[in-house]
Amino acid sequence: MWNLAQLQNYLNRLGTSVLDLLYPPRCVGCQRWGEWLCTTCRGQIALIQPPWCPCCGRPMTRAQLCNICRDTPSCIQGIRAVAYYEGVLRDTIHHFKYRNKQMLAAPLASLLVDYLAEYPISADVIVPVPLHPRRLAERGYNQSALLAQCLSQALGWPVIEDSLIRVHHTQPQVEQLDAQARRENVQAAFVCQDNRLANAQVLLIDDVYTTGATLQACGQALRQRGVRSVWALTLAHGR
Ligand SMILES: [Zn+2]
Ligand SMILES: [Zn+2]
């Protein structure tokens, strides 16, 4: 009889894993067997094309600051989102976040990798938007941290997950709140608890950008600890 390590070794040579045998990959978009997100469904994701607001990344007819960014100072140099939060990407993110499909981290992170190849952002370190410990315990994982780890593997940039922390448990039904309420909901929710990120160029990673309130609150906490610059990259932009 083979032990598990020998079996995995054999399967590695075949390009598969023990988990693939127990849970064969099935596309969350079209339900076809073989991959967690097939090439056809991936191709249907509505990528955001320039021009956009250089600050918040909002799609624009010309590359200029949007009305909101003109009036509101930002703690973040630039926020970018790969695609619109709709269709197959929305479904995939739902499976990833709420249905324990952690294996979707790799195909979703590959969208971030492809994006950065086309629209480079320079950074020294990747920081995922943290979850409150209570939420982390409920879900069992931080989806943004999984994305950050996959991105780190692809780019070779380090990830620091435990410097920026979430200290306030915010309301879970944030989708129902307007922009002002969201800002109040997350203000002071984050703290950077040590100096490891001081002088660094940080790339914040999150799954969905909605009003930017969460990212701004993270940016503020990072800047207060002497972080040199903060950029943010998310998978999806709600419109
Ligand atoms: Zn598919
Ligand atoms: Zn803007």
Side-chain angles (χ1 to χ4, degrees), residues 15-16 19-20 23-115 119 121 129 150 178-180 182-183 186-187 202-220 222-223 229-239:
T16 183
L19 272 180
D20 288 345
Y23 305 100
R26 191 171 193 186
C27 177
V28 293
C30 64
Q31 270 75 58
R32 265 192 297 246
W33 298 99
E35 292 171 280
W36 292 110
L37 182 62
C38 77
T39 315
T40 309
C41 289
R42 195 184 192 276
Q44 284 167 8
I45 292 173
L47 302 177
I48 295 174
Q49 309 285 350
W52 46 56
C53 167
C55 185
C56 70
R58 189 184 313 276
M60 304 275 287
T61 49
R62 280 189 296 157
Q64 58 182 17
L65 283 181
C66 71
N67 289 339
I68 296 168
C69 292
R70 218 176 297 139
D71 296 342
T72 323
S74 173
C75 301
I76 301 187
Q77 264 67 25
I79 302 173
R80 298 290 181 267
V82 175
Y84 293 102
Y85 190 44
E86 60 185 28
V88 67
L89 182 60
R90 191 186 175 105
D91 294 347
T92 308
I93 290 174
H94 267 259
H95 278 87
F96 179 46
K97 263 174 104 163
Y98 303 117
R99 298 174 72 175
N100 199 31
K101 290 282 195 325
Q102 296 177 53
M103 58 291 268
L104 285 167
L108 286 172
S110 77
L111 291 167
L112 301 176
V113 175
D114 290 356
Y115 183 90
Y119 308 106
I121 295 173
V129 170
C150 290
D178 64 18
Q180 179 62 28
R182 263 169 189 266
R183 259 194 301 278
V186 299
Q187 238 160 30
V202 165
L203 179 62
L204 269 174
I205 295 294
D206 205 3
D207 51 353
V208 183
Y209 170 101
T210 326
T211 62
T214 301
L215 293 172
Q216 289 295 345
C218 288
Q220 198 175 356
L222 290 167
R223 297 305 293 265
S229 72
V230 183
W231 277 77
L233 179 62
T234 71
L235 282 174
H237 188 298
R239 57 174 164 188

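Every number for a ligand or one of its atoms is a count from 1 in the order of the listing. Just the heavy atoms: all of them, side chains too, but no hydrogens, waters or symmetry mates, feed the values below. We're numbering straight along the sequence, starting at 1.
Metal site remark for the Zn ion (ligand 2): C55 contributes no N, O or S atom at a distance under 2.8 Å.
Closest approach of W36 to P24, counting heavy atoms only: CH2-O, 3.9 Å.
For the atom pair CG of L215 and OG of S74, the computed distance is 9.0 Å after rounding to the nearest 0.5 Å. Expressed to the nearest 0.5 Å, how far CG of L104 lies from CG of D91 amounts to 11.0 Å.
Computed with the Zn ion (ligand 2) at the centre, the C56 SG to C69 SG angle is 110°, stated to 10 degrees. The angle subtended at the Zn ion (ligand 2) by SG of C66 and SG of C53 is 120°, given to the nearest 10°. With the Zn ion (ligand 1) as the vertex, SG of C30 and SG of C41 span 110° to the nearest 10°.
Note on ring orientation: taking the six-membered ring where Trp is involved, the planes of Y119 and W52 are perpendicular (angle over 60°, cut-offs 30° and 60°).
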